[in-house]
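If you read the sequence from its start, that first residue is 1, and numbering goes on from there.
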Amino acid sequence: MKERHLILGIGDLLWDLLPTGAFLGGAVANFSVMAGRLGSHAVLLSRIGRDELGRQAIDTLDPMPVDASAIQIDTLHETGRVTVTFAANEPSYTIHQPAAWDFLELSDQWMQLAERADAVCFGSLAQRNRQSRQTIQTLVAQAPSASIRVFDVNLRAPFYSGEVVEESLELATVLKMNEDEAPLVLRLLGMDAVLDDNPLRATAERLLQEFPSLELVAVTRGSRGSLLVSREEWHDHPGFQVELADTIGAGDAFTAALTHYLLRGAGLPTINEAGNRWGSWLASQSGAMPPLSDQTRLAIEASIETAI
């Protein structure tokens, strides 16, 4: 049997405090759980407090197909929390600070995992504090040259800067962002706005030109699908209409599916189909880590295989 791919999610693990209750989340935590559900050996590299929310986080992750054994325990800082409110089904976030995941420590265990990784995923939010920023960037740089290094932009005001975006793009082979973030990324990098009939594609092509290590740019548009642009081709997917529960974690599910199918050597149409299938399923569920039955998983996987 072929050994499973080793995928690392590096960054934030936190509790999303919604009007309907508390749900475990954090972009790379959501990504890691979905990567594990798709069949990879997904390891979450994050940090929690020595508190009740930290214990509940481990208890919640325990039955899920994600390796939480490398999560660090912080005796000085609390487990991360985000208060989430909604307007027209779109979430707004109050991200409390400081949190334990602001203080990721560069350990030998984490370095050894990075050296063996087939793929790593990291974002901008978890780099708001210099300590975590240095740890994340060192780990990503330590990953093998052939690995997939996914920078999942998650711009949450005021926790982003042009410096973090530029440094992250210099390390990444894949950039994932949403359509609202695309023009902001250009502005943060000091680039002029794109004037084009297809501004999202032109933005992606410009970033590919500016950052030599980038191989793929993914731009998501919610229920209206996504655009994938590589140096050789591009593919546009119209998305799927579902009965929306909430959008939290849908983009992370898209990113996990994208990474999974990239590691399998799939083409852009298959990657786009997979990302939209899993992202739309997640949007139809409450919370970022909802239950997933084998029957549902197999049905979605079959629909991806037969759609292309």
Glu305 and Arg264: salt bridge (charged side-chain N to carboxylate O under 4.0 Å, His left out), yes or no, with the steps?
CA-CA 13 Å; Glu305 298 298 332; Arg264 293 177 57 184; 3.6 Å; yes

Going hydrophobic residue to hydrophobic residue with side-chain gaps under 4.5 angstrom, can you get from Met111 over to Ile136?
yes

Run Leu13 and Leu44 through side chain to side chain contact (heavy atoms under 4.5 Å, CB included) and show every step you take.
CA-CA 9 Å; Leu13 172 63; Leu44 176 57; 4.2 Å; yes

Is a side-chain donor or acceptor of Ser132 paired with a backbone partner of Trp101 at a separation under 3.5 angstrom?
yes

Is a side-chain donor or acceptor of Asp118 paired with a backbone partner of Ile7 at a separation under 3.5 angstrom?
no

Return yes if some donor-acceptor pair links the side-chain N/O of Ser230 with the main-chain N/O of Glu215 below 3.5 Å, else return no.
no

Over all atoms of both residues, closest heavy-atom pair of Gly249 and Ala288
CA-CB, 4.0 Å

Minimum heavy-atom distance between His77 and Pro98, given as atom pair plus value
CD2-CG, 4.2 Å

Who passes ring pair (Phe, Tyr, Trp, His ring centres under 6.0 Å) against Trp110, sequence neighbours left out?
none

Minimum heavy-atom separation for Val194 and Ala202, please, with both atom names.
CG1-CB, 3.3 Å

Flag the pair Ile48 / Asp74 as yes when at least one side-chain heavy-atom distance between them is below 4.5 Å, and no otherwise.
no

Inspect the contact between Glu273 and Arg277 and indicate whether a charged nitrogen and a carboxylate oxygen are less than 4.0 angstrom apart.
yes

Stepwise side chain to side chain contact (heavy atoms under 4.5 Å, CB included) check, Phe103 with Leu76:
CA-CA 10 Å; Phe103 302 92; Leu76 300 177; over 6 Å; no

Can you tell if the side chain of Phe151 reaches within under 4.5 Å of the side chain of Val153, non-hydrogen atoms only?
yes

Assess whether side chain to side chain donor-acceptor pair (under 3.5 Å) is satisfied between Gln209 and Glu205, documenting all intermediate values.
CA-CA 6 Å; Gln209 182 179 12; Glu205 290 169 344; over 6 Å; no

Looking only at atom types and distance, does a side-chain atom of Thr79 sit under 3.5 Å from a main-chain N or O of Gly49, one as donor and one as acceptor?
yes

With the side chain counted from C-beta on, respond yes when Leu262 and Ile271 share a heavy-atom pair under 4.5 Å apart, and no when they do not.
yes

Within the structure provided, determine whether Leu61 and Met289 are in side-chain contact (heavy-atom separation under 4.5 Å).
yes

Atom pair CE/OG1 of Met177 and Thr203 - distance to nearest 0.5 Å:
6.0 Å

So Trp281 and Met34, side chain to side chain contact (heavy atoms under 4.5 Å, CB included) or not? Walk me through it.
CA-CA 12 Å; Trp281 171 78; Met34 182 57 72; 3.9 Å; yes

Going by distance alone, is a donor N or O of one side chain under 3.5 Å from an acceptor N or O of the other, for Asp252 and Asn30?
yes

Quick check: do Glu243 and Ser284 have side-chain heavy atoms less than 4.5 Å from each other?
no

Would a distance-only check, ignoring hydrogens and angles, find a side-chain to backbone donor-acceptor pair under 3.5 Å from Ser40 to Gly36?
no

Result block: side-chain N/O donor-acceptor pairs under 3.5 angstrom for residues 217-229, not counting sequence neighbours:
from   : atom 1 : to     : atom 2 : distance (Å)
Arg221 : NE     : Arg224 : O      : 3.1
Arg221 : NH1    : Asp236 : OD2    : 3.1
Arg221 : NH2    : Arg224 : O      : 2.9
Arg221 : NH2    : Asp236 : OD1    : 2.8
Arg221 : NH2    : His237 : O      : 3.0
Arg224 : NH2    : Glu179 : OE1    : 2.9
Arg224 : NH2    : Glu179 : OE2    : 2.3
Ser226 : OG     : Asn272 : OD1    : 2.4
Ser226 : OG     : Asn276 : ND2    : 2.8

Calculate, to the nearest 0.5 Å, the distance between atoms OH and CH2 belonging to Tyr261 and Trp278 respectively.
8.0 Å

Measure the shortest side-chain to side-chain distance between Gln134 and Arg130 over non-hydrogen atoms and say whether it is less than 4.5 angstrom.
yes

Looking at Thr60 and Gln56, would you say the former's side chain and the latter's main chain have a donor-acceptor pair under 3.5 Å?
yes

With the side chain counted from C-beta on, respond yes when Asp12 and Leu125 share a heavy-atom pair under 4.5 Å apart, and no when they do not.
yes

Could you tell me whether Glu105 and Arg47 have a side-chain N and a carboxylate O separated by less than 4.0 Å?
yes

Quick check on the hydrophobic clustering: are Leu8 and Ile71 connected, directly or via other members, by side-chain heavy-atom contacts under 4.5 Å?
no

Intermediate values then yes/no, side chain to side chain contact (heavy atoms under 4.5 Å, CB included), Phe31 and Asp152:
CA-CA 10 Å; Phe31 166 89; Asp152 187 357; over 6 Å; no

Please name the pair of heavy atoms, one in Asp16 and one in Gly25, separated by the smallest distance, quoted to 0.1 Å.
OD2-CA, 3.8 Å

If only atom types and distance count, is the side chain of Glu181 paired as donor or acceptor with the main-chain N or O of Asn178 below 3.5 Å?
yes

Name every donor-acceptor pair, under 3.5 Å, that has one atom in a side chain of residues 164-175 and the other anywhere in the protein, sequence neighbours excluded.
from   : atom 1 : to     : atom 2 : distance (Å)
Glu167 : OE1    : Arg133 : NE     : 3.2
Glu167 : OE1    : Arg133 : NH2    : 2.9
Glu167 : OE1    : Gln137 : NE2    : 3.0
Glu167 : OE2    : Arg133 : NH2    : 3.2
Ser168 : OG     : Gln127 : NE2    : 3.0
Ser168 : OG     : Val164 : O      : 2.8
Thr173 : OG1    : Arg149 : N      : 2.9
Thr173 : OG1    : Arg149 : O      : 3.4

Where do Asp67 and His41 land on the side chain to side chain donor-acceptor pair (under 3.5 Å) test, with the steps shown first?
CA-CA 7 Å; Asp67 187 341; His41 177 197; 3.0 Å; yes

Do Ile248 and Ile95 share a hydrophobic cluster (ILVMFWY, side-chain heavy atoms under 4.5 Å, transitive)?
yes

Which pair of heavy atoms, one from Thr259 and one from Ala119, lies closest together, and at what distance?
CG2-CB, 3.7 Å

Set out, in order, the CA-CA distance, both residues' side-chain angles and the distance that settles side chain to side chain donor-acceptor pair (under 3.5 Å) for Thr138 and Thr135, then state yes or no.
CA-CA 5 Å; Thr138 300; Thr135 296; over 6 Å; no

Output yes when Arg201 and Asp196 qualify as a salt bridge under the 4.0 Å nitrogen-oxygen rule, no when they do not.
no

Does a side-chain heavy-atom distance below 4.5 Å link Leu18 with Thr83?
no

Stepwise salt bridge (charged side-chain N to carboxylate O under 4.0 Å, His left out) check, Arg297 with Glu301:
CA-CA 6 Å; Arg297 178 180 57 80; Glu301 289 176 349; 3.4 Å; yes

Side chain Asn154, main chain Ser124, donor-acceptor under 3.5 Å
yes

So, for Pro144 and Ala117, which heavy atoms are closest and what is the spacing to 0.1 Å?
CD-O, 3.3 Å

